[in-house]
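Side chains are part of it too, since the values below use all heavy atoms of this structure and drop only hydrogens, waters and symmetry mates. Here is how names work: the chains are called A, B, and so on, in the same order as the sequence lines, proteins then strands, and each is numbered from 1.
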Amino acid sequence: MAAGVAAWLPFARAAAIGWMPVATTPMPIPPQEKKKTQDGLIILNVSGTKFQTWKTTLERYPDTLLGSTERDFFFHEESNEYFFDRDPDIFRHILNFYRTGKLHYPRQECISAYDEELMFFGIIPEIIGDCCYEEYKDRRRENLDRLQDDEEMDISNEAAPVNLSYREYLWRAFENPHTSTLALVFYYVTGFFIAISVMANVVETVPCGTMPNRSKEVSCGDRYALAFFCLDTACVMIFTFEYLLRLVAAPSRYKFVKSVMSVIDVVAIMPYYIGLVMTDNDQVSGAFVTLRVFRVFRIFKFSRHSAGLRILGYTLKSCASELGFLLFSLTMAIIIFATVMFYAEKGSAHSKFTSIPAAFWYTIVTMTTLGYGDMVPKTIVGKVFGSICSLSGVLVIALPVPVIVSNFSRIYHQSQRAEKRRAQRKTRLARIRAAKIRGTNAYMHFKQNGLLIDSLEEASKKAGQALVGKAASPPFESQHHHLLHCLEKTTNHEFVDEQTFQANCMEISVVNKAGSRSSSLSSSPHNLSSCCSRRHRKKSSFSLPSTNNQELSTIQIRERPLANSRSSLNAKLNETVPLKCNQPYISPSMVSLSAPPVTSSDEDSTTTTAYSQSNIVRVSAL
Amino acid sequence: MGLVVGTFSVQSKPVNFHKDNADDDFEMTVVCHRPEGLDKLEAQTNFNKRELQVLYRGFKNECPSGAVNEDTFKQIYSQFFPHGDASTYAHYLFNAFDTGHTGSIKFEDFVTALSILLRGSVTEKLQWTFNLYDINRDGYINKEEMMDIVRAIYDMMGKFTYPVLKTDAPKQHVDAFFQKMDKNRDGVVTLDEFILSCQEDENIMRSLQLFENVI
């Protein structure tokens, strides 16, 4: 029920007096009217913009922030108003919702900002009015798609090759050729052979000069039959091999077999095999020749190599209804005009319009403004209708074309945007990474300066770095650093930077291979070494090592320095391992800091440091 | 071919446009109504200034033009009774509110009626109710009029009731009503009979006081 109508409830209740004489049973007691709150004005100060409304207006929706006692948390005593540190432009719409009962979505606002405001004020987005609901849903869907794209890219970048089975690795190599050199080579080789095969099909039919014992010119295909046959065999073998490999590697074979690309593959290589099987019989050779036509489908295999072709195909698919309409209207027009032309030209002698189907050809040629001139009307009536036909042809064809074009443009721009986002992502991540490193370096410097104050001997050594840190740090920074310091003290571990950690890592792998350790430790260095080596391998093959993804995820939870603690905690672990190898010293194990708090260290004593995809870091208890 | 069809349709378009334009102009001439001054209304009704303010704000919110026509009235009233169909009863209510038979309820009519219903004396209330039941305004309530009213009330209940609504339930109700109200058994109920019978009935008297504190 709209809130505005609630104002009419007293009227509805009063009108109920009309039922009283008709009623035979006594009426129920009315609800106790609680003490009427004075209907006063409420001042809502949203970031300086003052809004005022009646208290009862806000109380129409008691399950929102403004309508319930939750707003008391925002009451500002000194100015006797409710202060909200939010966006006043969006607040306007929210207040209008209370006033009119309809929530509108402003087109110029960012969808996520708007959603946040709605969530803050406790309003569910489903009540957005009909006028703005479509727009809201569209924008929301776009945003979700964008987020999903980002996630998918994350996932595809994160997947460490070792964790995949051989089959998955193969499939991934096929789908994303850039992932490994072998895949890239295979990609280009198949592309080359597709081109060769198509060109061979074309050149085969070119006349190649006369043979000595024949007067007619023969095509190159007949002259060099063996050469072309060998070339064809080679191409088909490559294609067959590729197809079988894809079939083996596909995660869902049934879905793969149904897909368009695989159908094209099959159609491309079938003629060859059918030709092998069939004998050189005269009756079937006609059919065999027709089959060779299908060899031209090999050119469609290029769509795996070209995104533009795929977009074109996708556009045509999505415009299927428009194309269908075009076809239908053209057919109608052709039939009508062909009939008219036939009857118009029936009278003239030697008319080429021998039947209505014969007139179809004339109609098509005229409507598409080709005008070959092989069939031309001779009577005046025929010419009149012929001109009407060509004029209407232009219209009928021109109408659906812009729809198809706009569809293509939309899809093309979408894919361009996705590409641009992908490209910008790298720079964006690099920037984030640089900012992080600055932050961690700040802490390092602070720490070193802190030590400076404690031990004056170090002062001269670290003079250079001290200059940086000596600059007056704002209170926020100093409190933050103090917090990190407390954490270090709590865990008896210290933060270090990457290079130091890597150095320690190498040390560990050397040291632990030699030494004999307790079982709890033996497993960990194994993984440590593997983790380090993995890191190195990763560094070579990927531009974004997985640590960046870890850091990325921690940025999302806004615990910047703590993220650094992850890598550095490991560093610390490795530092302490050689130092305290002989003492049965148990360092408190740390729980993961990332969003999924999966492990508790009590679970397994042999928790390992692992740069796994789940971004959980577990430290082994020594 | 499409061209041919297109030209035909283009021909008929202008006629419709012309008509629509004329209608639109007519619609635009609906004037906004402004009520009489607050003091005057306060004198005419039994409400004080603050109550009138609250009432007017609610009224104007739903009907910015200042007057309610029957469709809007039905729409508003139906929102309170989502189970069934309140439009018939709303129609009778509208006629009872619209004392001047102008086709729209202005704020003065609205407030006058509310004043009677909420702040009026028992006699005034009963008179208003009699007016509501007397559909053709001839001074008598006959059985058909009562049947219409009772059926309209039952319509507001909707289909899903417990116990299940029988088809002759309104008729029985009306018979009981006439049994009680029609003193001289002449088949119609006059105003005096109505008021007298209601004053004798304890339940009715009590229920009339039910909605006094609504505002």
Side-chain angles (χ1 to χ4, degrees), chain A residues 1-34 36 38-39 54 56-57 60 99-101 325 328-337 339-340 363 367 388-389 391-399, chain B residues 1-4 6 50 53-55 57-62 75-77 79-82 86 89-90 92-93 96-97 110 113-114 116-118 125-126 128-130 132-133 146 149-150 153 156 173-174 176-177 180-181 194 197-198 201-208 210-215:
Chain A
M1 197 168 71
V5 188
W8 282 60
L9 186 60
F11 145 73
R13 297 179 74 196
I17 287 184
W19 310 334
M20 298 305 142
V22 180
T24 46
T25 48
M27 290 288 140
I29 306 169
Q32 285 298 344
E33 306 280 336
K34 58 184 194 299
K36 274 288 163 42
Q38 282 295 327
D39 193 12
W54 296 109
T56 46
T57 311
R60 282 185 194 151
R99 292 183 182 131
T100 61
F325 167 70
F328 174 66
S329 61
L330 263 180
T331 314
M332 261 190 353
I334 288 171
I335 292 178
I336 289 179
F337 277 106
T339 314
V340 167
T363 319
M367 282 188 93
I388 296 177
C389 171
L391 287 174
S392 66
V394 169
L395 274 179
V396 167
I397 291 179
L399 284 176
Chain B
M1 200 275 322
L3 189 68
V4 171
R50 203 183 52 82
Q53 280 179 342
V54 170
L55 279 173
R57 284 206 293 268
F59 183 82
K60 183 107 176 150
N61 215 13
E62 207 54 31
Q75 218 180 354
I76 295 172
Y77 199 72
Q79 297 205 18
F80 294 107
F81 304 100
Y89 189 69
Y92 298 132
L93 266 185
F97 269 74
F110 181 71
L114 275 188
I116 296 174
L117 286 174
L118 299 177
K125 287 182 189 173
L126 289 173
W128 193 91
T129 317
F130 184 85
L132 172 71
Y133 295 158
M146 212 50 223
I149 298 274
V150 170
I153 295 179
M156 282 199 284
H173 214 115
V174 171
F177 179 81
K180 197 166 53 179
M181 301 285 168
F194 182 72
S197 320
C198 287
D201 192 332
E202 269 296 315
N203 280 336
I204 296 178
M205 282 297 112
R206 211 188 352 254
S207 55
L208 283 179
L210 218 50
F211 298 110
E212 296 217 310
N213 306 324
V214 162
I215 297 282

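For Gly18(A) against Leu132(B), the heavy-atom pair with the smallest separation is CA-CD2, 3.8 Å. The nearest pair of heavy atoms linking Thr129(B) to Ile17(A) is OG1-CG2, 3.9 Å. Nearest approach of Pro21(A) to Ile204(B), heavy atoms of both residues: CA-CD1, 3.8 Å. The two atoms that bring Ala15(A) and Leu93(B) nearest to each other are CB-CD1, 3.7 Å, heavy atoms only. Ala14(A) and Leu118(B) make their closest contact through CB-CD2, 3.6 Å (heavy atoms, listed as atom of the first residue, atom of the second, distance).
With a 4.5 angstrom heavy-atom cutoff, Met205(B) does not touch chain A via any of its atoms. In this structure, chain A has no heavy atom under 4.5 Å from any part of Phe130(B). Contacts between Leu208(B) and chain A at a heavy-atom distance below 4.5 Å involve backbone atoms as well as side-chain atoms.
In this structure, the side-chain hydrogen bond (donor to acceptor under 3.5 Å, both in side chains) partners of Trp19(A), at least two apart in sequence or on a different chain, are Tyr89(B). Every residue was checked against the ring pair (Phe, Tyr, Trp, His ring centres under 6.0 Å) condition with Phe177(B), not counting sequence neighbours, and none meets it.
The aromatic ring centres of Phe97(B) and Phe11(A) sit less than 6.0 Å apart.
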